[in-house]
*Asks:* 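Structure below; questions to follow.
Quick note: numbers below take in every heavy atom, side chains included, and nothing from hydrogens, waters or symmetry partners. So you know, we letter chains A, B, ... as the sequences are listed, proteins then strands, and number each from 1. Note that the structure is a prediction, hence the values are computed from the model and not measured.
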Amino acid sequence: MHIGHLAGCYLPADIYVRYLRSNKKDVAFISGSDEHGVPITISARKEGVTPQQIVDKYHKIMGDAFKEFGISFDVYGRTSSKIHHDTASDFFRKLYNQGSFEEKETEQYFDEQANQFLADRYIVGTCPVCANENAYGDQCEKCGTSLSPTDLINPRSTLSGSAPVKRMTKNWFLPLNKLQPKVEQYLSKHTDWKSNVYGQCKSWLESGDGLQPRSMTRDLDWGIPVPVEGAEGKVLYVWFDAPIGYISNTKELFPNDWEKWWKDEDTRLIHFIGKDNIVFHCIIFPAMLMEHGEFITADNVPANEFLNLEGDKISTSRNWAVWLHEYLLEFKDKQDVLRYTLCSNAPETKDNDFTWKDFQMKNNSELVAILGNFVNRVLVLTNKYFDGQVPQATECSDLKAFLGEQKVKVSEALEQFKFREALAEVMNVARHGNKLLTEKEPWKTIKDNKEQTGITLFDAVQIIANLAVLCEPFLPFTAQKLHQMLNSSQFNWGWAEAGNAALLPSGHQLGEAQLLFDKVEDDVIEIQIEKLNKTRIEKPVVQKAKAKETEAPKATETKVEAGETSLITFDDFAKLDLRLGTILTAERVEKADKLLKLTVDMGYEVRTIASGIAQHFQPEELPGLQVCVVANLAPRKIRGIESKGMILLSEDKEGKLHFISPRELTDNGSAVK
RNA sequence: GGCGAGGUAGCUCAGCCGGUUAGAGCGCAGCACUCAUAAUGCUGAGGUCGGGGAUUCGAGCUCCCCCCUCGCUACCA
């Protein structure tokens, strides 16, 4: 769990829920651990424990971190629970029985020694780009290149070390192509969704051939067994079972009346997620729910974009992250500072950057200087002049109007999921307080007009009382401190009380003053930056790295070829017909970034070859070059071009390509042996 | 290449159906104040709104072309 997770979904969700609770709305805040991802089984193997032990450990760690940061789930369940297994199985069975699925056979990599199918992550081999010998089937961790298992040189199974072979297997697919009209209709009712979310969905629906059938089962041994006959050794696709977890966890929370949360048209279901989950929450899960028929679908999915860290993508595997459990140790009792920073800089409309310098700035010049300082000024003055009692005065109508306006602004922003704006309006209340003090100068009026001083401080105290209510969704720990300082916990104020400029009665004894926030000094920030720089040196952060770090495994429907053994016989080699040829012409291929269409003089004929080198060479520089060609490669149609043969090139460490050419020009068509 | 989301002051972002001198917070500069964690308040400097063209009486906002960032996707035999 790192700051990206918090900023992306848990924090906004918590703020929204706390706001609703403060408004006395009937709300349930449901979440849980998704425990069936393939990475879990890999960690388990690495550590020599069972997947269950791994998820037990992380479920506890994550649950604790959430609690520490004040993420106020009503239930934090887990997908390894019995209730979830039952719920997800029932869900699958219903779809299965009513014929919602299509049965399909596909080829998957299989480990004959371990006797099981392999997820991409279970296949390692040599990276074709950087020669790292331990690249995974979905990504090379060293250079960041995104791969598919077939890209690997000498692929081998991490289970047994043997070379995997392809094998046919049966799985059940959700025909999303057929459900597309339903999904489109669903989306058409929600054109008010955030543009990044709505646009993303349209992109899925409209690009290419639209939605494709997706397998809802996998050949793995960790997960929920597929509850139908003939499905031994198969489990539910983690993205099938994970969202059903929301239902399971609701059942866990409300064993008796969970249904009203999922089957009542008046219930508003809202998913708070990161942008990597949009397709699952806005398309696949709704499709599943509609196909099932008994459940409501999400009313809104205010997904956030990504949070970067000091200019680079957050990466778990590269340890480029600020971990919540470490933050808690190094910034003790500063949960609200992080909540504030992440909320005021949340990636609401586009990817955003978290920097420690920013964190320090927000703490020092906003939380300390504006909010903390205002509260402290008022408490100090009231203690000094009025023995810590709320002075005699009546409600100020101007102040009441102002507080009322602010309350509306905060409320409206929150209801539109504009958390940054909402928080800024809360801070404006504190700013107003500072202005009040500066203008009324109670430290001056006390000399000859104690009554006026009392009026000023009465108003100032009421502002703090309002702040205690308004900041609670964002800064719950601060709100609690404010209540201690105001000695106001017993009043149990909710949102309804905000906007009242006479919340605390004259004569009310305030509690003890304490500082809300401390300054964060430069050296503290430097330590954090230093810490990150160290990981940058140890594990360089690759700029172009494609972070494939979603919990769920990548879809493994991709057709895969048989793995090769590392040694070949001379006969194998002799099958190759390698020849020299001279490039005559070269031109770009329309609508393809990487392709060049070449004509090559082979001596005995001129042939057309398509080659994926457009990003390395300009077409003009190629004619006249003599190159090595695999002449007897089966022809293949690429982007409408009949390609006959393949040009050989070497690729260096930087990924740069070099032609394999003879030292002296030779006859075209000469054999290479 | 296709689709989607962005590109607005040093930084982080607002800017509704196009309407007069483009806004906020932070940072920066100056002034004021001293109750306060040298905190606060006021004032100010700072932008040819990614570039070019078009429509319009008028465009940050509409249309076309191009560039850059992010995501998905196609292409690599």
*Asks:* Spell out, as yes or no, whether a donor-acceptor pair under 3.5 Å connects the side chain of Q528(A) to the backbone of V524(A).
*Replies:* no
*Asks:* Please determine, for rU55(B), whether a Watson-Crick or G-U wobble partner exists with both distances under 3.5 Å, and give it or none.
*Replies:* none
*Asks:* Can you measure Q416(A) atom CD to rA14(B) atom C1' for me and round it to whole angstrom units?
*Replies:* 13 Å
*Asks:* I'd like to know if the side chain of W204(A) pairs up with that of Q200(A) as donor and acceptor (distance under 3.5 Å, no hydrogens or angles considered).
*Replies:* yes
*Asks:* Can you check the distance between rG2(B) and rC64(B), where both ends of the measurement are the P atom (answer in whole Å)?
*Replies:* 13 Å
*Asks:* Report the base-pairing partner of rC33(B) (Watson-Crick or G-U wobble, both distances below 3.5 angstrom), or none.
*Replies:* none
*Asks:* Is the phosphate of rG71(B), meaning OP1 or OP2, less than 4.0 Å from a side-chain N or O of S203(A)?
*Replies:* no
*Asks:* Using atom C1' in both nucleotides, what's the gap between rC17(B) and rU21(B) to the nearest angstrom?
*Replies:* 23 Å
*Asks:* Just name whichever nucleotide pairs with rA38(B), Watson-Crick or G-U, keeping both distances under 3.5 Å, else none.
*Replies:* none
*Asks:* Test the K450(A)-F386(A) pair against the cation-pi criterion, namely NZ or CZ under 6.0 angstrom from the six-membered ring centroid and within 45° of the ring axis.
*Replies:* yes
*Asks:* Could you identify the nucleotide paired to rC16(B), looking across every strand shown and requiring Watson-Crick or G-U wobble geometry with both distances under 3.5 Å?
*Replies:* none
*Asks:* Atom CG of N352(A) to atom C1' of rU12(B): distance rounded to whole Å?
*Replies:* 7 Å
*Asks:* Do any N or O atoms from the side chain of K350(A) and from the backbone of E305(A) form a donor-acceptor pair under 3.5 angstrom?
*Replies:* no
*Asks:* Side chain of R420(A) only, heavy atoms from C-beta on: which candidate in rG41(B), rA14(B), rU37(B) is closest?
*Replies:* rA14(B)
*Asks:* If the glycosidic angle sits within 90 degrees of zero it is syn, else anti. Tell me which applies to rG46(B).
*Replies:* syn
*Asks:* To the nearest Å, how far apart are D353(A) CG and rG6(B) C1'?
*Replies:* 15 Å
*Asks:* What pairs of nitrogen or oxygen atoms, one from the protein and one from nucleotides 34-36 of chain B, lie under 3.5 Å apart?
*Replies:*
residue: rC35(B); atom: O2; partner: R377(A); partner atom: NE; Å: 3.3
residue: rC35(B); atom: N3; partner: R377(A); partner atom: NE; Å: 3.1
residue: rC35(B); atom: N3; partner: R377(A); partner atom: NH2; Å: 2.6
residue: rC35(B); atom: N4; partner: R377(A); partner atom: NH2; Å: 2.8
residue: rA36(B); atom: O3'; partner: N376(A); partner atom: OD1; Å: 3.3
residue: rA36(B); atom: O2'; partner: N373(A); partner atom: ND2; Å: 2.7
residue: rA36(B); atom: O2'; partner: N376(A); partner atom: OD1; Å: 3.2
residue: rA36(B); atom: N3; partner: N373(A); partner atom: OD1; Å: 3.2
residue: rA36(B); atom: N3; partner: R377(A); partner atom: NE; Å: 3.0

*Asks:* Tabulate protein N/O versus nucleotide N/O from nucleotides 24-28 of chain B, keeping only pairs under 3.5 Å, one per line.
*Replies:*
residue: rG25(B); atom: O3'; partner: R431(A); partner atom: NH2; Å: 3.0
residue: rC26(B); atom: O3'; partner: S365(A); partner atom: OG; Å: 3.0
residue: rG27(B); atom: OP1; partner: S365(A); partner atom: OG; Å: 3.4

*Asks:* Mind checking the P distance from rC49(B) to rG7(B)? Whole angstroms is fine.
*Replies:* 14 Å
*Asks:* Classify the angle between the aromatic ring planes of F359(A) and F354(A) as parallel (below 30°), tilted (30 to 60°) or perpendicular (above 60°).
*Replies:* tilted
*Asks:* Is D351(A) salt-bridged to K313(A), cutoff N-O under 4.0 Å?
*Replies:* no
*Asks:* Assign each of H432(A) and F306(A) to its nearest nucleotide of RNA chain B by heavy atoms, then name whichever residue's nucleotide is nearer the 5' end.
*Replies:* H432(A)
*Asks:* Taking atom P in both rC70(B) and rU56(B), what distance in whole Å separates the two?
*Replies:* 38 Å
*Asks:* Taking the same atom, P, in rC65(B) and in rA74(B), what whole-Å distance lies between them?
*Replies:* 25 Å
*Asks:* Would you mind classifying the nucleic acid contact of F517(A) as base, sugar-phosphate or nothing, using non-hydrogen atoms under 4.0 angstrom?
*Replies:* base
*Asks:* Using the P atom as the reference point in each nucleotide, state the distance between rC63(B) and rA45(B) in Å, no decimals.
*Replies:* 35 Å
*Asks:* Using the P atom as the reference point in each nucleotide, state the distance between rG30(B) and rA39(B) in Å, no decimals.
*Replies:* 15 Å
*Asks:* Taking the six-membered ring for Trp, are F417(A) and F419(A) parallel (under 30°), tilted (30 to 60°) or perpendicular (over 60°)?
*Replies:* tilted
*Asks:* Is there a side-chain contact between S195(A) and the phosphate of rG6(B), meaning an N or O under 4.0 Å from OP1 or OP2?
*Replies:* yes
*Asks:* Checking E310(A) side chain against L532(A) main chain: does a donor-acceptor pair fall under 3.5 Å?
*Replies:* no
*Asks:* Would you mind pulling out the nucleotide paired to rC11(B), Watson-Crick or G-U wobble, both distances under 3.5 Å?
*Replies:* rG25(B)
*Asks:* Should rG1(B) form a Watson-Crick or G-U wobble pair with both distances under 3.5 Å, which nucleotide is its partner?
*Replies:* rU73(B)
*Asks:* For rG60(B), what is the paired nucleotide under Watson-Crick or G-U wobble rules, both distances under 3.5 Å?
*Replies:* none
*Asks:* For rC31(B) and rC67(B), measure between their C1' atoms and round to the nearest Å.
*Replies:* 45 Å
*Asks:* In whole Å, what is the span from the NZ atom of K275(A) to the P atom of rG6(B)?
*Replies:* 11 Å
*Asks:* Under 4.0 Å between a side-chain N/O of K519(A) and OP1 or OP2 of rA39(B), yes or no?
*Replies:* yes
*Asks:* So if I take every side-chain heavy atom of I638(A) and compare against rA5(B), rU37(B), rC76(B), which nucleotide ends up nearest?
*Replies:* rC76(B)
